Amino acid sequence: MNIMQSSDSRMEAIKENTILSFNSAAKFPIDFIEFDVQVTKDDCPVIFHDDFLFSQENGTVYEKRITDMSLEEFLCFGPQREAGKQGKSLLRKSRDGKILNWNVQTDDSFCTLAEAFRKVDSSLGFNIELKFDDNIVYHHDRLTRVLQVILQVVSEYAKDRPIIFSSFHPDAAQLVRKLQNTYPVFFLTNGGTQVYYDVRRNSLEEAIKVCLEGGLQGIVSEIKGVFRNPGAVPKIKEANLSLLTYGKLNNVPEAVCMQHLMGIDGVIVDFVQEISHAVDDMIVKPLNESFKGGNEEQNKGKSKVQFSQQELCRFF
């Protein structure tokens with residue numbers, strides 16, 4: 001993730017959602033990279049997180065919705081792959097509403113989903129978030145068209161690459177499960193840390209219902225939602241669902257270690273190098289050492305640590 005004017009320079013190290021960032025992450029012992037896919041108005045799946053792109057022309061800042069642009073227009077912003085070609089300026093809106101220059105230490109150009117399949121290390125799995133604007137009502141026909149365009153690219157380029165689909169949009173998540181049965185689908189949720197008009201998005205319990213009703217394979221939750229409601233973890237496991245998490249706390253090694261002990265299956269992080277090394281030091285190496293000193297069943301029992309709600313609160 002890039003955060004403009006962050007006190008942590010790592011948030012401005014490499015341009016997010018680019019081929020360069022993906023292959024940089026692939027140097028470390030990870031299973032998947034996660035990115036957001038949207039579809040341009042001429043039906044090309046592109047990788048970009050925000051709903052709107054900001055730029056400046058003749059001193060005036062303007063915004064354009066990603067899905068209202070053609071592929072050619074989208075690729076005109078920021079660094080260009082063609083030598084000597086100058087791209088249009090690229091700005092970003094911060095969470096407090098400021099429009100800032102999107103400056104990073106190592107820049108790269110935008111890319112399409114097809115390019116990512118062709119140019120990113122083929123051993124690396126893709127967690128493809130199907131991105132939809134919270135402020136738009138999407139009817140079934142429109143959802144179907146967008147998802148079919150994305151699935152067409154996946155079908156053409158995926159080969160043996162592991163794929164996970166995920167989405168905050170409950171209808172899109174359930175629909176992509178109906179449209180294909182090759183790859184698992186996860187429902188994304190804030191786990192109750194924010195309130196939405198669609199009640200299906202407002203708790204881990206509702207997320208379980210969405211998964212069971214739609215035949216989904218798992219949940220991806222904001223980690224604060226899990227720490228506030230740790231009792232939901234065994235419920236998710238009892239429903240035979242996998243659980244992944246995302247959020248700023250996943251850049252804290254101790255929080256990641258706690259999730260391992262809670263039985264959470266995976267974490268999405270920004271600081272790939274630091275967290276992968278911390279996981280190796282805190283989890284993998286001690287686990288290997290414990291197996292050397294006793295049988296597996298005994299060591300499994302030793303690793304099951306229980307935390308109180310009060311202990312979990314220290315991560316907020």
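Because the structure is a prediction, the values reported are computed rather than measured.
No chain of hydrophobic side-chain contacts below 4.5 Å, direct or via other Ile, Leu, Val, Met, Phe, Trp or Tyr residues, connects Val220 to Ile163. Leu179 and Phe132 fall within the same hydrophobic cluster, defined by Ile, Leu, Val, Met, Phe, Trp and Tyr side-chain heavy atoms under 4.5 Å apart, directly or through other members. Linking ILVMFWY side-chain heavy atoms closer than 4.5 Å, directly or via other members, places Tyr157 and Val39 in a single hydrophobic cluster. Phe28 and Tyr246 fall into different hydrophobic clusters, defined by Ile, Leu, Val, Met, Phe, Trp and Tyr side-chain heavy atoms under 4.5 Å apart, directly or through other members. Under a hydrophobic clustering in which Ile, Leu, Val, Met, Phe, Trp and Tyr are joined whenever their side-chain heavy atoms come within less than 4.5 Å, directly or via other members, Leu71 and Leu90 fall into the same cluster.
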Item to check | Glu73/Lys64 under salt bridge (Lys or Arg N to Asp or Glu O under 4.0 Å): CA gap, chis, key distance, verdict | outcome: CA-CA 10 Å; Glu73 185 178 7; Lys64 300 214 70 172; 2.6 Å; yes
Next on the checklist: Assess the residue pair Val120 and Arg161 against the criterion (side-chain contact (heavy atoms from CB on, under 4.5 Å)); give the C-alpha distance rounded to whole Å, side-chain angles, the decisive distance to 0.1 Å, and a yes or no.
Outcome noted: CA-CA 11 Å; Val120 174; Arg161 188 188 298 270; 4.2 Å; yes
Next on the checklist: One pair to check against salt bridge (Lys or Arg N to Asp or Glu O under 4.0 Å): Glu16 and Arg92. What are the steps and the verdict?
Outcome noted: CA-CA 12 Å; Glu16 68 178 34; Arg92 193 169 209 186; 2.7 Å; yes
Checklist entry - Which is it for Arg65 and Asp51 under the salt bridge (Lys or Arg N to Asp or Glu O under 4.0 Å) test, yes or no, and what are the steps along the way? => result CA-CA 6 Å; Arg65 184 182 293 278; Asp51 297 317; 5.3 Å; no
Checklist entry - Passes side-chain contact (heavy atoms from CB on, under 4.5 Å), Met69 versus Lys41? Steps please. => result CA-CA 6 Å; Met69 289 190 279; Lys41 70 177 183 180; 5.9 Å; no
Checklist entry - Can you check side-chain contact (heavy atoms from CB on, under 4.5 Å) on Val154 and Tyr183, steps first, answer last? => result CA-CA 10 Å; Val154 173; Tyr183 305 110; 3.6 Å; yes
Checklist entry - Between Phe187 and Arg201, is a side-chain contact (heavy atoms from CB on, under 4.5 Å) present by the stated rule, with each step listed? => result CA-CA 9 Å; Phe187 179 51; Arg201 299 185 60 184; 4.3 Å; yes
Item to check | side chain to side chain donor-acceptor pair (under 3.5 Å) evaluation trace for Ser89 with Ser55 | outcome: CA-CA 5 Å; Ser89 68; Ser55 187; 3.0 Å; yes
Next on the checklist: The test is side chain to side chain donor-acceptor pair (under 3.5 Å); show your working for Gln194 and Asn202 and say whether it passes.
Outcome noted: CA-CA 7 Å; Gln194 290 177 264; Asn202 289 339; over 6 Å; no
Without placing hydrogens or testing angles, list every side-chain donor-acceptor pair under 3.5 Å for residues 237-244, not counting sequence neighbours.
{"from": "Lys237", "atom 1": "NZ", "to": "Gly263", "atom 2": "O", "distance (Å)": "3.1"}
{"from": "Lys237", "atom 1": "NZ", "to": "Asp265", "atom 2": "OD1", "distance (Å)": "3.1"}
{"from": "Lys237", "atom 1": "NZ", "to": "Asp265", "atom 2": "OD2", "distance (Å)": "2.6"}

Pairs of donor and acceptor atoms involving the side chains of residues 96-112, under 3.5 Å and at least two apart or interchain, shall be tabulated with distances.
{"from": "Asp96", "atom 1": "OD1", "to": "Ser94", "atom 2": "OG", "distance (Å)": "2.2"}
{"from": "Asp96", "atom 1": "OD1", "to": "Lys98", "atom 2": "N", "distance (Å)": "3.3"}
{"from": "Trp102", "atom 1": "NE1", "to": "Asn2", "atom 2": "OD1", "distance (Å)": "3.2"}
{"from": "Gln105", "atom 1": "NE2", "to": "Ser9", "atom 2": "O", "distance (Å)": "3.2"}
{"from": "Asp107", "atom 1": "OD1", "to": "Lys15", "atom 2": "NZ", "distance (Å)": "2.8"}
{"from": "Asp108", "atom 1": "OD2", "to": "Leu20", "atom 2": "N", "distance (Å)": "3.0"}
{"from": "Ser109", "atom 1": "OG", "to": "Arg81", "atom 2": "NE", "distance (Å)": "3.2"}
{"from": "Ser109", "atom 1": "OG", "to": "Arg81", "atom 2": "NH1", "distance (Å)": "3.2"}
{"from": "Ser109", "atom 1": "OG", "to": "Arg81", "atom 2": "NH2", "distance (Å)": "3.2"}
{"from": "Thr112", "atom 1": "OG1", "to": "Glu115", "atom 2": "N", "distance (Å)": "3.1"}

Give every donor-acceptor pair under 3.5 Å between a side-chain atom in residues 138-148 and any protein atom, sequence neighbours left out.
{"from": "Tyr138", "atom 1": "OH", "to": "Asp133", "atom 2": "N", "distance (Å)": "2.9"}
{"from": "Thr144", "atom 1": "OG1", "to": "His140", "atom 2": "O", "distance (Å)": "2.8"}
{"from": "Arg145", "atom 1": "NH1", "to": "Asp43", "atom 2": "OD1", "distance (Å)": "2.4"}

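Not less than 6.0 angstrom separates the ring centroid of Tyr196 from the ring centroid of Phe168. Aromatic ring centres of Phe35 and Phe22: separated by under 6.0 Å.
With a 4.5 Å cut-off on side-chain heavy atoms, Ile164 and Ile128 do not count as touching. In this structure, the side chains of Met1 and Phe271 stay at 4.5 Å or more apart for every pair of heavy atoms. The side-chain heavy atoms of Lys248 and Lys224, taken from C-beta on, include no pair separated by under 4.5 Å. For the pair Phe117/Glu156, no side-chain contact is recorded, criterion being any heavy-atom separation below 4.5 Å from C-beta on. In this structure, the side chains of Val46 and Val37 stay at 4.5 Å or more apart for every pair of heavy atoms.
Here the closest heavy-atom approach between residue Val185 and residue Ala173 is recorded as CG1-O, 3.4 Å. The minimum heavy-atom distance linking Phe126 with Ala116 is given by the pair CZ-O, 3.6 Å. Taking all atoms of both residues into account, the shortest heavy-atom contact from Val153 to Pro45 is CG2-CG, 3.8 Å. The two atoms that bring Phe186 and Pro184 nearest to each other are CE1-CB, 4.1 Å, heavy atoms only. The minimum heavy-atom distance linking Gly218 with Cys211 is given by the pair O-SG, 3.3 Å. Between Gly214 and Arg177, the shortest heavy-atom distance links the atoms O-CG, 3.4 Å.
With rounding to the nearest 0.5 Å, the separation of CD in Gln174 from OG in Ser167 is 10.5 Å. Note that CG of Asp270 is 10.0 Å distant from OG of Ser6, once rounded to the nearest 0.5 Å.
Side chain of Gln38 to backbone of Phe48: a donor-acceptor contact under 3.5 angstrom is found. In terms of modelled atom types and a separation under 3.5 Å, the side chain of Gln180 and the main chain of Thr182 share a donor-acceptor contact. A donor-acceptor pair is defined here as one N or O able to donate and one able to accept, closer than 3.5 Å; no such pair exists between the side chain of Ser155 and the backbone of Leu151. A donor-acceptor pair under 3.5 Å is absent between the side-chain atoms of Glu12 and the main chain of Arg10, judged by distance alone. Judged by distance alone, the side chain of Thr189 and the main-chain N or O of Gly191 form a donor-acceptor pair under 3.5 Å. With hydrogens and angles disregarded, a donor-acceptor distance shorter than 3.5 Å links the side chain of Thr40 to the backbone of Cys44. Using a distance-only test at 3.5 Å, with no hydrogens or angles considered, a donor-acceptor pair links the side chain of Asn250 to the main chain of Ile268. In this structure, the side chain of Asn190 does not engage the main chain of Gly192 through any donor-acceptor pair within 3.5 Å.
The only member of Leu249, Val226, Thr245 that meets side-chain contact (heavy atoms from CB on, under 4.5 Å) when paired with Gln259 is Thr245.
Within a 6.0 Å sphere centred on CD of Gln56, heavy atoms belonging to other residues, nucleotides or ligands number more than 12.
Here Asp121 pairs with nothing under the salt bridge (charged side-chain N to carboxylate O under 4.0 Å, His left out) rule; sequence neighbours left out. Considering only residues two or more places apart in sequence or on other chains, Lys27 meets the salt bridge (charged side-chain N to carboxylate O under 4.0 Å, His left out) condition with none of them.
A cation-pi arrangement, defined by a distance under 6.0 Å to the six-membered ring centre and an angle within 45 degrees of its axis, is absent between Lys93 and Phe54.
Taking Ile, Leu, Val, Met, Phe, Trp and Tyr as hydrophobic and joining them when side-chain heavy atoms fall under 4.5 Å apart, one finds Val195 isolated, its cluster having no other members.
Side-chain contact, Thr60 with Asn58: no donor N or O sits under 3.5 Å from an acceptor N or O.
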